[in-house]
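Ligands are counted one by one from 1 in listed order, and the atoms in each one are counted from 1 as well. Values below: all heavy atoms of this structure, side chains included; hydrogens, waters and symmetry mates excluded. For the single chain, residues carry numbers from 1 onward in sequence order.
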Amino acid sequence: MTTGPWDDWNHILKIDPDKELPEGVTYGDLCATGTDAIEVGGTMGITEEKMEAVVDACAEHDVPLYQEPSSPDVVIDNRALEGYLIPTVFNAGSPFWITGAHKDWVRTDDDMDWDRTWTEAYVVMNPEADVAEYTEADCDLEPADVAAYAEVAERMFGQEIVYLEYSGTLGDEDVVEAASEAIDETTLFYGGGIHDYDSAASMAQYADVIVVGDLAHDEGVEAVRETVEAARDA
Ligand SMILES: CC(C)=CCC/C(C)=C/CC/C(C)=C/CC/C(C)=C/COP(=O)(O)OP(=O)(O)O
Ligand SMILES: O=P(O)(O)OC[C@@H](O)CO
Ligand SMILES: [Mg+2]
């Protein structure tokens with residue numbers, strides 16, 4: 001299976017263009033936390049203008065930048081981006097979030113930049129998160145269900161990334177462990193509720209890459225650094 005830059009990552013910082021930074025914190029400070037990559041994205045309130053502003057603010061700093069669009073109309077064409085990580089939600093309630101939005105996107109673009117485009121096979125796990133409501137995800141899943149989704153993603157759909165998304169709450173270790181055991185070459189991303197060294201370590205023991213989001217907006221740089229350290233130690 002082809003590999004990607006994420007093979008060498010431990011930590012991603014996800015910056016939400018619709019959220020403020022804590023007082024005194026700059027995008028440059030967040031780029032300098034030691035994170036391996038920055039994903040720019042969020043579910044609600046996203047516009048091209050907000051996306052551009054964050055990408056431009058991070059562009060001069062030495063960290064790979066990726067856009068993670070929540071819909072085709074917010075995809076931006078910005079050379080500072082290494083590329084696009086496009087979600088597809090395996091447990092979505094509507095096929096629109098599995099292949100429909102993707103079809104619409106490709107249909108409107110006659111010059112797709114495939115060399116910079118990858119997919120992330122999401123399994124959305126927190127029913128309270130905006131992303132669960134947005135995609136009408138079926139979050140009522142046992143570890144064995146999640147493991148099966150992960151195996152299907154790798155073996156049947158050739159996905160290079162499986163993303164366990166607990167956005168806003170810390171996940172169940174048994175679920176993350178089951179998913180990690182179900183896949184071989186595919187890289188396991190885990191995101192949701194990571195807020196300190198220990199919570200980062202608990203997920204990084206099973207996930208290949210941990211994704212930290214709201215912490216950057218709520219707490220700032222030191223808290224994010226702790227999670228980078230945990231990801232590296234794992
Ligand atoms: C085909 C294209 C270009 C886009 C569609 C991509 C899809 C299927 C998006 C589905 C939704 C999704 C998985 C978005 C990714 C970003 C994400 C999960 C953000 C975090 O969500 P929350 O934390 O719930 O949202 P807020 O923090 O904005 O409330
Ligand atoms: O904001 P948190 O809860 O850290 O979640 C990170 C990321 O998985 C959200 O898409
Ligand atoms: Mg969020």
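Residue E68 approaches ligand 1 through these ligand atoms, each under 4.0 Å from one of its heavy atoms: 15 (C), 16 (C). Atoms of ligand 1 found under 4.0 Å from any heavy atom of K19 (numbered from 1 in listed order, with element): 26 (P), 27 (O). Close contacts of ligand 1 with P69, meaning ligand atoms under 4.0 Å from a residue heavy atom, involve 3 (C), 4 (C), 6 (C). Taking every heavy atom of E165 and a limit of under 4.0 angstrom, the matching atoms of ligand 2 come to 7 (C), 8 (O), 9 (C), 10 (O). Using a 4.0 Å cut-off to heavy atoms of D130, the atoms of ligand 1 that qualify are 24 (O), 25 (O), 26 (P), 29 (O). In summary, the atoms of ligand 2 found under 4.0 Å from a heavy atom of G193, numbered by their order in the structure, are 2 (P), 3 (O), 4 (O). Each of the atoms 18 (C) of ligand 1 lies under 4.0 Å from some heavy atom of E165. Taking a cut-off of under 4.0 Å to the non-hydrogen atoms of D214, the atoms of ligand 2 that pass are 1 (O), 2 (P), 4 (O). The ligand atoms of ligand 1 that sit less than 4.0 angstrom from a heavy atom of G42 are 19 (C). Taking every heavy atom of G191 and a limit of under 4.0 angstrom, the matching atoms of ligand 2 come to 8 (O).
Nearest residue to atom 17 (C) of ligand 1 from T99, V74, T43, T88 is T43 (criterion: closest heavy atom). Closest to atom 2 (C) of ligand 1 by heavy atom, among I86, V89, I98, is I86. The residue among G168, S167, S70 with a heavy atom at the shortest distance from atom 5 (C) of ligand 1 is S70. Among Y122, Y166, Y163, the residue whose heavy atom sits closest to atom 8 (O) of ligand 2 is Y163.
Looking at V224 and E219, their side chains never come closer than 4.5 Å, going by heavy atoms from C-beta outward.
Ring centroid separation for the pair Y190 and Y166 comes in under the 6.0 Å cut-off.
Residue pairs meeting the side chain to side chain donor-acceptor pair (under 3.5 Å) criterion with at least one partner in residues 42-66, sequence neighbours excluded, are D18-K50, E52-N78, D56-N78. Among residues at least two apart or in separate chains, ring-ring contact (aromatic ring centres under 6.0 Å, His included) pairs with a member in residues 77-103 are F90-F157, W97-Y134.
Note on ligand 1: S71 sits in its first shell, one or more heavy atoms being nearer than 4.0 Å.
Residue N91 forms a side chain to side chain contact (heavy atoms under 4.5 Å, CB included) with just one option from I98, L141, D140, and that option is L141.
In terms of polar-atom proximity, V211 is not counted as a contact of ligand 2, lacking any N or O under 3.5 Å from an N or O of the ligand.
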